[in-house]
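Protein chains get the first letters and strands the later ones, always in sequence-line order, with residue 1 at the start of each.
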Amino acid sequence: MTKQYETVIGLEVHVELATKTKIFCGCSTAFGGAPNTHTCPVCTGMPGSLPVLNKQVVEYALAVGLATNCGINQYCKFDRKNYFYPDNPQNYQISQLYLPICHDGWVEIETAAGTKKIGIHEIHMEEDAGKLIHDEWEDCSLVDYNRSGVPLIEIVSEPDMRSADEVIAYLEKLRLIIQYLGASDCKLQEGSMRADVNLSVREVGASQFGTRTEMKNLNSFKAIARAIEGERKRQIELLEEGKKVIQETRRWDDNKESSHAMRSKEDAQDYRYFPDPDLTPVVISNEWLQAVRDRQPELRTEKLARYQAEFQLPRYDAEILTGSKHLADIFEATVALCGRPKEVSNWLMVEAMRLLKEKEQDPEDLSFSPENLAKLIGMVEKNTINRTVAKTVFEEIFANDADPEKYVAEKGLAMVSDEGALRRAVEEVIAANPQSVEDYKNGKQKAMGFLVGQTMRAMKGKADPAKVNQIVRELLAEA
Amino acid sequence: MSDILEMTAVQLGGKIKSREVGVAEAARAALGQIRAAEPVVHAYVTVDEAGALKRAEEVQKRIDAGELTGPLAGVPVAIKDNMCTEGMLTTCSSKILYNFVPTYTAEAVRNLEKAGAVILGKTNMDEFAMGSTTETSAFGVTKNPWNPDHVPGGSSGGSCAAVAANECFYALGSDTGGSIRQPSSFCGVTGIKPTYGTVSRYGLIAYGSSLDQIGPIAKDVTDCAAILEVIASYDRKDSTSIPRDDCNFTSALQDDVKGMRIGIPRDYLGEGLDGEVKAAILAAARILEEKGAVVEEFDLSLVEYAIPAYYVIASAEASSNLSRFDGVKYGLRAKEYEGLHNMYKRSRSEGFGPEVKRRIMLGSFVLSSGYYDAYYLKALRTKALIKKAFDKAFEKYDVILGPASPSTAPKLGESLSDPLKMYLGDIYTISVNLAGLPGMTVPCGKDSRGLPIGLQLIGDCFKEKNIIRAGYAFERSRTYESPEITRNAQTGENNMYTKENLTYVAGDSKQAAGYKTDSIPGDSTDRITDDAVGSRTVGNAESRTGSTADIMSEGNAGSAAESTGKEAR
């Protein structure tokens, strides 16, 4: 490869909104119900049924738009996108084409070369489709309309990204913003966040964009990175061979690490968009917009700064804690109960993150209550338990949200600080290890550590380590 | 019995209230007349004899218990077959919905039921309300009760014919471009198309969503006002529904038009208008003038643009609205097909009639990329200009008066051969829908062949009372005439004739699956599926935004919606 190529990437990100009910009817959006139980005449496209817009959908879309520096179309409309497919009961999707709710925004991402702005072309509201299940045994297809009408926003970026790293950084940024707003949980694996990658390559320095392809079926950040690399290579190879890139939609197969064409531009459908006559235009008053603005929660950037200023946390701690809205919520709730922000941060950053990694879970999966972590920290502070025991207790809190006070009492893990008991234990250890005493006397400081360790073991780890140290030193001096 | 049938809905309601007539007695009278007249008229697609009689007993009990006191309690009604009725076949007179049994009832019909209506059955119509003669029905042609060689008009031809032939005491129709007013004119009955947004469209199977409106069809203005009062309601399930606090339409039933300003568009009296119709309309205007109204002619302008704008907009919306009929979820599915797209193609090819296909193709064309601006957007702009022209007219006039149709009812078969001519017949009714206005047809005479002529009265948005007052005052000058067929009722009463296309529904509504339905029209095989997905009422867990009224009045959709917090289940 002699020429130098640049990759140009734009994303279409679909996010399922966290409303209780669907966008155009009162059916539940809960995931996982028996097929066609969260349905009504509206979301199954029954003749005569009519859509009514869920106000919360507009508010979430506005919140995301404001947080991504978008302009707001205070007069926006819904349009019908007409196409035939059984997962779409009306054979049109209600979406926004002509007047989407948000437009011309941006977010900042951190790249190796510094901060970079990624433009957002528009954000629009639309409804999700149902799910098709192909029954191989019966040789038929079944439709589940539970997901039909679940609200989505589609965030369309400008073609501003140049690498997989930038794409991941942009997606992470969006995910955090949306999670902080409470507008969605943004789980790629469960499909509540979906990204389609539009990618083209061009020679470095070229002013025109190359022909782009659209890649679908990307279920994880890793898959996205692999798909970008794969598609970049494929397009460069085509160009190097003197062939042309065809504008088409391709489906990524992450198992095979390759993609195949789904449909080309030539068979692209004419969606015959037109304003949905069943829905009136959405008029967003200044007051409404201001009310949404006033309710905007603290976002990640602000929280990051505040954690360093208010809690005197190192930037590293603050970054990890604010890297998940859920983690930051647990942190703040715990600090509110027991103070000691650095101590709370340490438990979360070190112990909680270690256990999450072991279990291959995300911070979103943390399920213990801040009360129990606060109690644990209090018990360590008051020397009710020592740090070693505390780590075991934390594992119980992490796994079962155990009440540390009850657990320590039940298991008899409270620290032994009783002078007499500790002294007897140390005496026994010294008597049993004359060689170590000898070594100590000969100047081997390490031997003392061994004796302390033996005492702790004899006390099943519950001994107050400071006191054991002190007694061992005393008795060795006497010996 | 025959004197019961001659009563208007409100008269019968009064007799039921005073216990002079029983609800079951009224229902039996209507069902008897249906049996007598249907072989000739064929106004119904479905007649629910057992259901109506059972319902009559229930309503009688509730009247006796003092629970139902409204003017229409116990009065039998017929519903156009494009309004959903839970458990009762609803076909839109289309083969593609030949077996469709809705899981819910249209809001307007529910309002009637709450007022104690007894539903006799579902009336024939042009397929999906597309047509002006009721000849495009997949279930056979409805005949004009005044002369069975002539069409009843359309698309609500079944409803209008049923009222004219005394096969019900009143009916509901729907009007997208004249579908209540034109057949009312042809059948010599009275019908109102209310202001867009007055009657909920929830449960009305859409043709042109931005134009469709349900309205009453009855023997006189009094009935229509009383019925409209019952069916008008603000419905949160319909985003285009408008909250109104001026729906006491019967208060406008006053024989007083002194000082009322009435305009006749010169454009409505010009070329193409039948001479006898013109004479009858002008005679009607003179009567109102004699009663004290100020009548003058004026230029409405833009009249010639209404038809093309209408056919672009209505067909565009229809092409999308009718895409849900695909053989997947309900209705007809072709028996033989290979793969999904072939199934769509065959089901829709077999299920839709030629007029529906024509409009789907027209609508798909005007929405397709490259043509959208030239056709659809231009039509929307024309619609706005037409509304402006009316706004200007209503600065000067309280009521606009004119014919409902250029001629009286044509002969069967005359119109379908020349669709363009049929479309041109909508010239006086269509702009009313484009502008969202209320319009009414009142009978005003007959032509030399004995076919009825209808007078159309058009009001400004939300001014139904003006046209009701004018219509009522005019109506006082004449007596209601019914066709000859209504006087054969006594001889026909015991006639147990069952017409081949008439569907009698077995048992009560709970036995939805047990219909004795016909086979697929034009097909000798058994029906394929009985499926209807889902069955739940729609709740509002999160509050919903907007309504037409917000846009129209405050221009503020958002703030109007407040939290209801009601969980769906």
Side-chain angles (χ1 to χ4, degrees), chain A residues 19-22 24-29 36-59 74-75 80 82-86 88-92 141 143 145 270-285 287-289 291, chain B residues 83-84 90 92 97 100 102-104 106 201-206 208-210 236-240 316-317 319-320 323-326 328-330 340-341 344 364 367-369 372 376 532-534 536-548 550-551 555-559 561 568-569:
Chain A
T19 55
K20 289 192 213 80
T21 57
K22 293 183 179 181
F24 297 123
C25 64
C27 290
S28 167
T29 53
N36 295 309
T37 51
H38 300 163
T39 56
C40 73
V42 176
C43 56
T44 54
M46 295 301 263
S49 64
L50 295 171
V52 182
L53 178 61
N54 184 336
K55 190 179 175 188
Q56 187 63 51
V57 173
V58 180
E59 300 211 338
Q74 288 182 250
Y75 179 88
R80 291 187 186 174
N82 294 286
Y83 66 94
F84 278 79
Y85 206 63
N88 173 3
Q90 307 153 125
N91 288 319
Y92 57 81
S141 295
V143 200
Y145 288 123
D270 183 350
Y271 291 118
R272 291 178 286 119
Y273 277 101
F274 76 110
D276 191 324
D278 288 333
L279 289 161
T280 51
V282 182
V283 181
I284 299 155
S285 66
E287 293 73 29
W288 190 13
L289 190 57
Chain B
M83 292 171 224
C84 287
T90 300
C92 284
L97 285 179
F100 176 63
T103 58
Y104 71 103
R201 292 187 299 115
Y202 193 81
L204 170 69
I205 301 180
S209 312
S210 69
R236 298 185 67 101
K237 298 190 294 304
D238 175 1
S239 307
T240 62
E317 292 177 2
S319 71
S320 175
S323 59
R324 69 187 63 200
F325 307 110
D326 59 3
V328 172
K329 305 163 292 282
Y330 39 72
L340 177 67
H341 284 270
Y344 283 151
S364 302
L367 289 179
S368 53
S369 100
Y372 180 84
Y376 187 73
V533 199
R536 256 164 211 90
T537 47
V538 186
N540 264 328
E542 275 130 351
S543 67
R544 304 277 147 179
T545 64
S547 78
T548 304
D550 299 326
I551 304 300
N556 182 351
S559 61
R569 285 179 294 286

Answer whether the closest heavy-atom distance between the side chains of A:Pro47 and B:Phe325 falls below 4.5 Å.
-> yes

Heavy-atom closest pair (B:Val328 atom, A:Tyr145 atom, distance to 0.1 Å) is CG1-OH, 4.4 Å

Where the side chain of B:Thr240 meets the backbone of A:Thr280, is there a donor-acceptor pair that is under 3.5 Å apart?
-> no

Of the backbone (N, CA, C, O) and the side chain (C-beta and beyond), which part of B:Thr90 lies under 4.5 Å from a heavy atom of chain A, both, or neither?
-> neither

B:Lys329 (side chain) donor-acceptor with A:Gly45 (main chain) under 3.5 angstrom | no

Any B:Ser319 side-chain heavy atom under 4.5 Å of A:Tyr92 side chain | no

Heavy-atom donor-acceptor pair, A:Asn82 side chain to B:Ser320 backbone, under 3.5 Å = no

Which region of A:Asp278, side chain (C-beta onward) or backbone (N, CA, C, O), has a non-hydrogen atom less than 4.5 Å from a non-hydrogen atom of chain B, or is it both or neither?
-> both

Where on B:Leu340 is there a heavy atom nearer than 4.5 Å to chain A: the side chain, the backbone, both, or neither?
-> side chain

Give a yes or no on whether the backbone of A:Phe84 and the side-chain of B:Ser323 come within a donor-acceptor separation of less than 3.5 Å.
-> no

Considering only heavy atoms from C-beta outward, does the side chain of A:Phe24 approach that of B:Ser239 to under 4.5 Å?
-> no

Contacting region of A:Tyr85 [heavy-atom separation from chain B under 4.5 Å] | both

In terms of heavy-atom pairs under 4.5 Å, which option from B:Ser210, B:Ala206, B:Cys84, B:Ser368 contacts chain A the most?
-> B:Ser368

Could you state the interatomic distance from CE (A:Met46) to CD1 (B:Ile205), rounded to the nearest 0.5 Å?
-> 9.5 Å

Specify the closest pair of heavy atoms between B:Tyr104 and A:Gly48, including all atoms of both residues, with the distance to one decimal.
-> OH-C, 3.0 Å

Least distance between heavy atoms, B:Lys237 atom then A:Val52 atom | O-CG2, 3.3 Å

Max heavy-atom pair count under 4.5 Å with chain A, selected residue of B:Gly203, B:Ala106, B:Cys92 | B:Gly203

Once you round to the nearest 0.5 Å, how far does OH of B:Tyr372 lie from CG of A:Asp270?
-> 12.0 Å

Report yes if the side chains of A:Ser49 and B:Arg324 come closer than 4.5 Å at any heavy-atom pair, otherwise no.
-> yes

